[in-house]
Amino acid sequence: MTDNAAAQTGPTPLTLLGTGAMGTALARAWLTAGHPVTVWNRSPARAEALAAEGATVAASAADAVAANRLVVACLLDDASVGEALDAADLTGRDLVNLTTGTPAQGRSRATWAEARGARFLDGGIMAVPPMIGAAGSGAYVFYSGSAALFEEHRATLAVPAGTTYVGADPGFAALHDVALLSAMGGMFAGITHAFALIRPEDIAPKDFAPLLVSWLTAMAPMAHQAADQLESGDYGKDVVSNLAMQVAGNATLLRTAEEQGVSVELLSPYMDLMERRLAGGHGDEGTTGLIELLAGR
Ligand SMILES: NC(=O)c1ccc[n+]([C@@H]2O[C@H](COP(=O)([O-])OP(=O)(O)OC[C@H]3O[C@@H](n4cnc5c(N)ncnc54)[C@H](OP(=O)(O)O)[C@@H]3O)[C@@H](O)[C@H]2O)c1
């Protein structure tokens, strides 16, 4: 097994498995910063552009892993990581998995990698490819797993995007990633419903969009109040819009949707939870207590 890291000084050489949209952006960022990069992709044609930009293209995933101690995987899903690395010798490697997965997949992939002699760090990328390597884009990656690996490669990992280490549990990066993506889903659902409401009218979407953005931006800090309530265990702490008032207001939202000919299928699951919590005698709280219903308590 060769190991470029032992023979070189300067920017750490690394291997990148997977040159899809995200893998290509990552490889470009490291190449631009002067890191020697060995790439492998299941379909070789997709790695050709990077060869022209200075990357070394390995013939197999096993060869790519053999080339460098630091190995980054950015493949479609957890199963593809297992397939790609099936025949590779991971002994002494530092495997950083930037493939999106679940917390349980992160934990079992860590056990799998460690049993093969590697240190393991899981990552969840909070960015789209154009944000990678772009100064000021706000791109970052959640990391969890081996703290020693993270500390040793921190500077290299910080090249394509910011780094946020969230703990030794290898499932935590995925959990943070998925929690933020899930919150985003709720936000996009709300945006979709709002545009559906105005669409039948003579209201320019381009005039409406800034209003939507500033309202959502103003409301987003309510997450801090929810955190405060969860930590204190008091769901009624500092509530300014209580559940009883909000449920009464929901009738207006539902009626407006009906008047505009818009389905309420994006809104009603959340409203149903609010009504259940109110019926349970929690009208003085805000909405943080809905977590109890989601958790089946
Ligand atoms: N794109 C984004 O906006 C974004 C944002 C955050 C996180 N991510 C995550 O980044 C990862 C890669 O995404 P991407 O955008 O680069 O996707 P992509 O463009 O579809 O690329 C998928 C990559 O996985 C490879 N692959 C798929 N199945 C494989 C298998 N069984 N064995 C080996 N390789 C396999 C593909 O190889 P072939 O070329 O041979 O098909 C390709 O290199 C995903 O986990 C994604 O969730 C993406």
Side-chain angles (χ1 to χ4, degrees), residues 14-31 37-53 55-67 71-90 93 95-110 112-113 116 120-134 137-145 157-166 170-185 187-188:
L14 62 102
T15 284
L16 181 78
L17 305 172
T19 57
M22 185 55 84
T24 296
L26 292 167
R28 285 209 168 108
W30 275 309
L31 286 167
V37 179
T38 299
V39 295
W40 170 81
N41 197 61
R42 180 182 60 175
S43 313
R46 227 170 161 188
E48 273 165 21
L50 289 167
E53 295 171 38
T56 302
V57 180
S60 68
D63 287 351
V65 169
V71 177
V72 178
C74 188
L75 300 169
L76 186 65
D77 55 16
D78 181 65
S80 52
V81 176
E83 273 177 44
L85 290 173
D86 189 39
D89 180 1
L90 292 179
R93 303 295 99 167
L95 179 60
V96 179
N97 183 27
L98 299 186
T99 304
T100 303
T102 69
Q105 285 172 336
R107 290 176 186 131
S108 63
R109 192 53 66 195
W112 175 93
R116 284 161 180 75
F120 182 84
L121 191 65
D122 205 46
I125 303 173
M126 303 312 300
V128 292
M131 294 166 73
I132 299 297
S137 71
Y140 70 95
V141 179
F142 284 121
Y143 288 104
S144 70
L157 296 175
V159 167
T163 61
T164 301
Y165 182 76
V166 286
F172 275 14
L175 185 56
H176 281 73
D177 181 359
V178 171
L180 294 198
L181 291 177
S182 300
M184 183 180 76
M187 182 186 74
F188 284 148

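Order of appearance sets the numbers: ligands from 1, and atoms from 1 within every ligand.
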- Could you pull out all residues at least two apart from Thr102 that satisfy side chain to side chain donor-acceptor pair (under 3.5 Å)?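 Result, side chain to side chain donor-acceptor pair (under 3.5 Å) vs Thr102: none returned.
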
- Item | Partner set under side chain to side chain contact (heavy atoms under 4.5 Å, CB included) for Ala127, not counting sequence neighbours |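 So Ala127 forms a side chain to side chain contact (heavy atoms under 4.5 Å, CB included) with Ile125, Met131, Ile132, Ala139.
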
- Message: Suppose we screen for side chain to side chain contact (heavy atoms under 4.5 Å, CB included). Which residues come up paired with Ala110, at least two apart in sequence or across chains?
- Response: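 Checked Ala110 against side chain to side chain contact (heavy atoms under 4.5 Å, CB included); matches are Glu114, Phe120, Pro170.
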
Is there any protein N/O under 3.5 Å from an N/O of ligand 1, and what does the full list of such pairs look like?
| residue | atom | partner | partner atom | Å |
| --- | --- | --- | --- | --- |
| ligand 1 | 16 (O) | Ala21 | N | 3.1 |
| ligand 1 | 16 (O) | Met22 | N | 2.8 |
| ligand 1 | 19 (O) | Ala21 | N | 2.9 |
| ligand 1 | 19 (O) | Arg46 | NH2 | 2.9 |
| ligand 1 | 24 (O) | Leu76 | N | 3.1 |
| ligand 1 | 28 (N) | Arg42 | NH1 | 3.4 |
| ligand 1 | 31 (N) | Arg42 | NH1 | 3.4 |
| ligand 1 | 31 (N) | Glu83 | OE1 | 3.0 |
| ligand 1 | 39 (O) | Asn41 | ND2 | 2.8 |
| ligand 1 | 39 (O) | Arg46 | NH1 | 3.0 |
| ligand 1 | 40 (O) | Arg42 | NE | 3.0 |
| ligand 1 | 40 (O) | Ser43 | N | 3.0 |
| ligand 1 | 40 (O) | Ser43 | OG | 2.5 |
| ligand 1 | 41 (O) | Arg42 | NH2 | 2.9 |
| ligand 1 | 43 (O) | Gly20 | N | 3.4 |
| ligand 1 | 43 (O) | Asn41 | OD1 | 2.6 |
| ligand 1 | 45 (O) | Leu75 | O | 3.0 |
| ligand 1 | 45 (O) | Leu76 | O | 3.1 |
| ligand 1 | 45 (O) | Thr100 | N | 2.9 |
| ligand 1 | 45 (O) | Thr100 | OG1 | 3.4 |
| ligand 1 | 47 (O) | Thr100 | OG1 | 2.7 |

- Looking at OG1 of Thr24 and CG of Leu50, how far apart are the two atoms once the value is rounded to the nearest 0.5 Å?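 Atom-to-atom, Thr24:OG1 and Leu50:CG are 5.0 Å apart.
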
- Message: Between the side chains of Arg109 and Asp78, is the shortest nitrogen-to-carboxylate-oxygen separation below 4.0 Å, so that they form an ion pair?
- Response: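 Counted as a salt bridge, because a side-chain N and a carboxylate O are separated by less than 4.0 Å.
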
- Message: Angle between ring planes, Tyr140 versus Phe142, binned at 30° and 60°: parallel, tilted or perpendicular?
- Response: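 Correct class here is perpendicular.
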
